[in-house]
Every structure is written in structure tokens, then in C-alpha cells.
2 protein chains.
Amino acid sequence: MRNTTIIDIAKKLKISASTVSRALNNYPDINEETKKQVKQLAKKLNYWPNPIARSLKSNKTNVIGVIVPEIKHDFFSSAISGIEEVAYHSGFTILVCQSNEDYEREVINTNALMHQRVAGFIVSISQTTTNGDHFQALLDRKIPLVFFDRAFNDIPTYKVIIDDAKSSCIAVTHLIERGHKKIAHLSGPIAMDICKQRLKGYKNALKKASLPIMKELIRYGGLQESDGYTSMDSLLRDNIIPDAIFAVNDPVAIGAFQRIKEAGLRIPQDIAIVGFSNNKITSLIEPPMTTVNQPSFEMGKKAAEILIDMIEKRKNGYTNKTVVFEAELIVREST
Amino acid sequence: MRNTTIIDIAKKLKISASTVSRALNNYPDINEETKKQVKQLAKKLNYWPNPIARSLKSNKTNVIGVIVPEIKHDFFSSAISGIEEVAYHSGFTILVCQSNEDYEREVINTNALMHQRVAGFIVSISQTTTNGDHFQALLDRKIPLVFFDRAFNDIPTYKVIIDDAKSSCIAVTHLIERGHKKIAHLSGPIAMDICKQRLKGYKNALKKASLPIMKELIRYGGLQESDGYTSMDSLLRDNIIPDAIFAVNDPVAIGAFQRIKEAGLRIPQDIAIVGFSNNKITSLIEPPMTTVNQPSFEMGKKAAEILIDMIEKRKNGYTNKTVVFEAELIVREST
DNA sequence: CCCACTTACGAAAACGATTTTTTAAATGCG
DNA sequence: CGCATTTAAAAAATCGTTTTCGTAAGTGGG
């Protein structure tokens, strides 16, 4: 079954294709009677303009490119849900790629989507990305780009993030208020801005409380569960038993959590623990874990709203290039 | 910065566009020397064929349409991860839509993607879908379609599923072997095939053990956590306290789990419970929950492999239209 | 040397829409 | 009535590729 084209309609009505096009698009110099006939027949034949032909002419699509490290991660899948929700209501669809935390793949994905002429990009960068040329190429071509959560700092575009330093400071201060003094921080790849910021918040909290910052209490690793397990393990192997852990994110916290349990230590009596992101699991483990709630769904929605605004050149509203979401500390039984 | 076209190359080399095209596509009737020159210049100018122009000509794209009820759900986001993984390695990208369990939106999404000329569809239907005309329309247009997990039964196409009845029977038999006799089943929308099959498995297990099938022990609801809570609540309100629960899926099981705890009943001493899907949370709650592991990532990968096979008309391999994955019962402390 | 055949390439059509330009007919005004 | 203007529609160009058809040279065999 072939799709109806504008030419099919034109032939049936014995008029030209251009007239059909203009009738359907409500151009003023088309006779009302003609318009009516064209629209009727279009409906009857189930006509739908071919978006590919349109895109070829306009060099634009109604597709938003989304690149995240891993689709199946709680935070990202929830953000993608939010993006799709907003996109759907604005007539856009989303093309989703995962970088698998791999810089090369992020570059390939970015280029592929660029050549597919997506209308704009929403990106959370991979752990291993330290070069931003592929994003600069987008700006050079005036392709709208919005970062969320993990932004590439040197690229001047919109960013939807939380105040990582502030939230971290609040989280660590909470630990201090509970009487903890020997607080370890399980950090991530320090090249990443979110890791830097969370480390900064950790240090600030200690400083404010006049507690020493001890290098051996800070461990660097990746952002996965296994990395948290390893980092915690390295502390224990060094015979360091902190009385509290602040993890750079929830998977790392969960990994540390498992290692702590394996060591026969009690949470929170022996070691308290705070995560970051409010992944669903944190509320369901025993004991439930204190964590920082990042409103992932809302951040996705906001990123999409900003991007669509940029695409449609309605530049109103967003005078500040960085939108900071409020992250709130959710206190549970692990502290 | 405009993108380089085939015509730019043609002009610079003072040859025709068609020659450039054929040179790049390695046609035999182009002089080797010409080919070399064209390819060199293409590389130098950073030429990349415009996929939109190609698609217009071929009426095909390198895009796979994916429609799921909700992106942020564990099972689906993990399956999408698998789909993307396979798609990426075959040069496809994925256009992802969520139906939000809404039939109307599923239809709209299907049509939108169809008009965008996606090369094929991978779909898991919404809870409220009882009419399959929008899928039939795809088959009529010879657009490849693969269902996974939640298939629409009357549409004759490939399905990647697990044997729900068998797995359910195994799960319930496991409960019976543990000595449980008053086993309730929290079911979902009974119009959905997976719900029918899981109910069937539940009944079969009881029959095999010569246990009575009691209507009041079977409760119907939705597929969300809140539905599980409600169904469990309705049992308790009727003063029915089963000694075991078999839930149609993990969210429903978790909802019931919460209601059971609220009632002050112990798991598994008072009520044992089995879920379905092996969502990550089931292993992290206290006590960890017995559940049926559906290999979501692998099912996504398989669905993508089959679809790409169909797209590329390599029909080898898949003689059976239904691919059944082995689901395995993961026994944990809730039983 | 001539005709058939190969080689290598160009011209043009096609994909389906939009948009610019052109044209024909109708209308208005002095 | 005649010229200018408006109205409504057709024709043609365009987007970037692919593909069909055609053709000018060059080659080889008789």
C-alpha cells in the first residue's frame, strides 16, 4: 500500500501539486472552495505529509537527539521519560543513544545524529569525556544543545544541573550533625565536573565544622556499583574504618553498602552512609539509605523545554544559561 | 557552516554529480583513478552523505522505532539498552516513544513513526490496548514489526517473550513445595495476554497439586506498585489471609509487600511472596524477594537482531515466529 | 578500415514536498 | 475601451542523492 502524496491529490482534482501544497498550508492566495476540496480529499485519502521530503527542503527535522551514558540507569531512564513527555506534546520524537561511558562512542553518536539533522541535542556526557570538540562542532553549526546533570563545562550553552557542591555540603553537614567525625568520601573520575563539585562540597562541610580534610579518607573510582565496592574495599584494606561514608552517587553507595555488610559492620551504628541521586533502590534496601534527591524526571522535562524553546527561536525566559534545580536531602535510616 | 554535498565535490573536480556518487559507492564502471580522486576530496572536505536525501529516494531510513509503556521502568529501560546496543553495531539508531499505558497514545506514536518511515518497529503494548489495527497497518505496508514481552496476540509477526504460563507454574509449584496451601494470585488487566498466561500457570500448578482454585484468592488490578498495594489491601479487608502470594509482576509484588508489612505480618513466616521480572529492587529489599528472572537486556537484544534481520531481508534462522526465552526462578528469602 | 563492443562518464529523471517565478484571467478605474 | 492591478493557479526550481538512459571515445576482430 503506497502512501498518498500531494501529487495523487493534485491529479484527482486536476490541479497542480503546488496548489495542493498551498491549500493544505492555508496560503491566502488560494480560493476557499479549492482549499475545501483539497482538504476534504486529503482527509479521505488519509494524506500525511512526508516528513522526509519536508526535512530535505528545510534541512530540519522534528527529532531531538538524546545521548546518555546508559539508558538503563535509573537517573537517565527517568530523565529520558521526562524528555519524551515534553517532546511528545510539542510534536517532537526522540532519538536515543547511549555512550556506554565511552568517549569515542559519544563522538560517533554525536556525529551520526548531527548528520541525521536532528533539530537539537540533549546530552549528559560520559565519564571518559575530556575533549569537547564534538560539541563545539554543534555550536558552530548553530545546532541547539542542552546539557543535563553531567555538563561539559567549557561549552557555552544551556545546562540543567543541580548545585552539586551545595547539596554535597548539606549531606556531609548532616553527617557531622549526627556526630560523625571520620567521614570518608568515595569520589568518581575527578575530571568530571560533578565529581569535582561534590568533592568540593564535602571539603567545605568539613572546613565549616573545623574538621581536618584527610587525603586517605578520599578514594577515587568510577561511577558504577562495582567501583563503590572497590573503593570501600580499599579503605578497609588500608585498615581505615570511617564512621561515615559520603558517596559520589547511589550506585557507588550501594557498592560500598554491600562491602560494609560483608565486613560484618552495621549500618548506621558502625558506619553511616549517604548516597546521591535517590535511585529507587535506596528506599528499599535495609536499612533505607539517606541520599540526595535529584529530580531526574523534572530535569529531563526542563532540558526538553529549553531545547524546544531554542529550536523554535523563542528566546524568552532563559536569560541565565544555567538552570539549577533544588536537590533535597532525604534522610533515612542509614544515618 | 554548510555541509559538503556531492555537488561540491563534482564542481571541484569538474565532473558530474552522478560520477561522484558512483565513485563513492564503488560502482565498477568508474575509473580507478577517478574513484581515488573523489574519495580523497570527499575525505578532505569531510563529506558525509545526507541520510535524509537518501531516505527520500529509497523510502527507507536507518531508524528503528521503539514503543514501550514507560521508559523509566526497569524492565523496559533495560530492554531499550539492549536494543540500542544491537542497533548501534548495525548502524541503526532508535526512536523511542512511550505510550504511558494509553492506547490512544500508542496509536498516535505508531502512526507518527510510520510516517517518519522508520525501518521497523519493536513494541511492547500498553495495558489498555485491545485493538490491533494500528499494528495491522504496519504489516499491510510490509513494515517489519517485532513484539517483545507484551505481544498483541492476533498480529502474526515475530514475538520475543518468555513462557509465562510455564514460569508461573514453576513459581507457584515452588510455593507449594514449601508447604503453602492457600496461595493468592494478584493478577493484572486480564485482557493482556501475559496476565492470562500467568494466571493459567498459577491454576495449572494448583491443579497438579490437587489444590482447589478459589476465586476469592485471585485479585485483578493494574500492573503498578499501587495496584499491588490495593489488591493486597482488598484481600485483607475481606479477612482473607493467604499463606503465600504470587504476583503478576514485581511492582505489584512490591506494593503487596508494603501492605503486608504495614499489616504487621512477617515475610515469609506469615505470608511468602513471589514476584515476576527480577527488577533490581527485589534483591535489595529485606527480605530479598523470590522472583522470576526475565532477561530484559537479552530480550531487547534478540528483538533487535530479529528486526534487523527482517529489515535486511535475511530471513535465515528465524523459522519459528515466536522466540521464547528461558525465565528462571530466583529463590530468595521471601519464600 | 569498419563495425561491434567496452569503458567511462554525463544528462536527466526521480523521490515528495515547499517556494519562487510566471502566467492567465478577472476586475477596477479613469 | 484600455491599461493597471488583483486573484488564482500553473510551472519550474530546489533540497541531495540514486539510478536509468544515453553517448562519446577508445579497443579489437575480421
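So you know, we letter chains A, B, ... as the sequences are listed, proteins then strands, and number each from 1. Values below: all heavy atoms of this structure, side chains included; hydrogens, waters and symmetry mates excluded.
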Can any side-chain N or O of Ser90(A) pair as donor or acceptor with the backbone N or O of Ala87(A) at less than 3.5 Å? no
Keeping Arg105(B) on the side-chain end and Tyr103(B) on the backbone end, is there a donor-acceptor pair under 3.5 Å? no
Cation-pi geometry met for Lys72(B) and Phe297(A) (6.0 Å, 45°): yes
Atom-pair distance ([atom1] on [X]; [atom2] on [N]), nearest Å:
{"X": "Asn31(B)", "N": "dA24(D)", "atom1": "CG", "atom2": "C1'", "answer": "16 Å"}
{"X": "Lys11(B)", "N": "dG16(D)", "atom1": "NZ", "atom2": "P", "answer": "11 Å"}
{"X": "Asp29(B)", "N": "dC5(C)", "atom1": "CG", "atom2": "C1'", "answer": "15 Å"}
{"X": "Asn26(B)", "N": "dT19(D)", "atom1": "CG", "atom2": "P", "answer": "14 Å"}

Answer yes when Arg150(B) and Glu70(B) have at least one side-chain N-carboxylate O distance shorter than 4.0 Å, and no when they do not. no
Look at all strands and tell whether Lys35(A) reaches a base, only sugar-phosphate, or nothing, counting heavy atoms closer than 4.0 Å. nothing
Can you give one letter per nucleotide of nucleotides 14-20 of chain C, going 5' to 3': B for a protein heavy atom under 4.0 Å from the base, S for sugar-phosphate only, - for none? BBBBBBB
Which salt bridge (Lys or Arg N to Asp or Glu O under 4.0 Å) pairs, counting each pair once, include a residue from residues 35-55 of chain A, with sequence neighbours left out? Glu32(A)-Lys35(A)
Distance check: side-chain N/O of Ser55(A) vs OP1/OP2 of dC15(D), anything under 4.0 Å? no
Any side-chain donor paired with an acceptor under 3.5 Å for Asn100(A) and Glu85(B)? yes
